[in-house]
*Asks:* 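What follows is a single structure, and I will ask about it in a moment.
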Amino acid sequence: MSAPLAIQIDKLRFAYDAGKPVLAIENWQVKTQERVFLYGPSGCGKSTLLSLMSGLLVPNEGSITIDETLISSLKPSERDSYRAQHIGVVLQQFNLVPYLSVIDNIKLACYFSKNMDDNSVGIEEHASELLLKLQLPLDLLHQRADALSVGQQQRIAIARALINTPRLMIVDEPTSALDEDATSAFMDVLLETVHSCKASLIFVSHDKRLSTYFDRVQSLPDLNEAAK
Ligand SMILES: Nc1ncnc2c1ncn2[C@@H]1O[C@H](COP(=O)(O)OP(=O)(O)OP(=O)(O)O)[C@@H](O)[C@H]1O
């Protein structure tokens, strides 16, 4: 029996405005635990594809299956709940709530995923483990999110995305605010953490030097018939 796929895309078509196709992808697959670097010039549709894969947008035609769930056919509330439970999304702006503490930001992700079996103490223990893996001091848990450095906020956004042990991590341009040393430290920690959580990873960046960290490097324009 072949291994299950993390992502399966078939005959996908998407446009924000009729007559102006942004994405046309015949067939694309990502294997379970595969780590994929996705790149392409500004405006080629990378963020749009990530939004489709995480169920924030739905295709005009075709299908997207995440780990055997046909996410593109779910109702909006089911898509939101699927994303909260199974997909870790880290966007360029991190989306931490600035006036909440780090632990309360992380607890929010548990609340949205309805992971009620995880009690408050359990969540705090799990969050502490993630912070240690991400090489962050534990006293950050009780600091306000807006008191952290950009690099620390980035790692907290990763911890929040990992708290529900997602099958799939979707990460959009996370290193744009980091210098070279901080970028390579961040990449090491991200890849190691994703590996130890047995998640698959889709990582978007303009910085092709980062592609060496990944199992597969995919140019979106090569995949996207709408770009040809
Ligand atoms: N909400 C929207 N409404 C209409 N058009 C949009 C919207 N978001 C993006 N677009 C258009 O869709 C195309 C793809 O945009 P997208 O943001 O996916 O590209 P990108 O490759 O992620 O770009 P960047 O690298 O600059 O973030 C662009 O032409 C953009 O102008």
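Order of listing sets the numbers, starting from 1, for every ligand and every atom in it.
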*Asks:* Within a distance under 4.0 Å of any heavy atom of P41, pick out the atoms of ligand 1 and give their elements.
*Replies:* 21 (O)
*Asks:* Report yes if some N/O of K46 lies less than 3.5 Å from some N/O of ligand 1; otherwise report no.
*Replies:* yes
*Asks:* For atom 26 (O) of ligand 1, find the nearest protein heavy atom and state the residue, atom name and distance (0.1 Å precision).
*Replies:* S42 OG, 2.6 Å
*Asks:* Please check atom 31 (O) of ligand 1 for a protein heavy-atom neighbour under 4.0 Å.
*Replies:* no
*Asks:* Against heavy atoms of G45, which atoms of ligand 1 measure under 4.0 Å?
*Replies:* 14 (C), 16 (P), 18 (O), 19 (O), 20 (P), 21 (O)
*Asks:* Output yes when E26 and R13 qualify as a salt bridge under the 4.0 Å nitrogen-oxygen rule, no when they do not.
*Replies:* yes
*Asks:* Just wondering, do L140 and Q152 contact through their side chains at under 4.5 Å, heavy atoms?
*Replies:* yes
*Asks:* Using heavy atoms and a 4.0 Å limit, tell me yes or no: is H206 in contact with ligand 1?
*Replies:* yes
*Asks:* Can you pull out the closest protein heavy atom to atom 23 (O) of ligand 1? Residue, atom name and distance to 0.1 Å, please.
*Replies:* G43 N, 2.8 Å
*Asks:* Looking at ligand 1, does C44 have a heavy atom less than 4.0 Å from it?
*Replies:* yes
*Asks:* Has the side chain of S101 got a donor or acceptor atom that lies under 3.5 Å from a matching backbone atom of D104?
*Replies:* yes
*Asks:* For atom 27 (O) of ligand 1, what's the nearest protein heavy atom and its distance?
*Replies:* S47 OG, 3.8 Å
*Asks:* Any side-chain to backbone donor/acceptor pair from H126 onto I163? Under 3.5 Å, distance only.
*Replies:* yes
*Asks:* Decide yes or no for I202 and F37: does some side-chain heavy atom of the first lie under 4.5 Å from some side-chain heavy atom of the second?
*Replies:* no
*Asks:* Indicate yes or no: does R216 engage E34 in a salt bridge with an N to O separation below 4.0 Å.
*Replies:* yes
*Asks:* Is any side-chain heavy atom of T69 closer than 4.5 Å to one of H86?
*Replies:* no
*Asks:* Within the 4.0 Å heavy-atom shell around T48, which atoms of ligand 1 are there?
*Replies:* 14 (C), 15 (O), 16 (P), 18 (O)
*Asks:* Among all protein non-hydrogen atoms, which one is nearest to atom 10 (N) of ligand 1, and what is the separation to 0.1 Å?
*Replies:* Y16 CE1, 3.4 Å
*Asks:* Are any of the N/O atoms in V22 less than 3.5 Å from those in ligand 1?
*Replies:* no
*Asks:* Between the side chain of K228 and the main-chain N/O of D222, is any donor-acceptor distance below 3.5 Å?
*Replies:* yes
*Asks:* Just to confirm, does any protein heavy atom lie below 4.0 Å from atom 13 (C) of ligand 1?
*Replies:* yes
*Asks:* Do R155 and F186 touch side chain to side chain, with heavy atoms closer than 4.5 Å?
*Replies:* yes
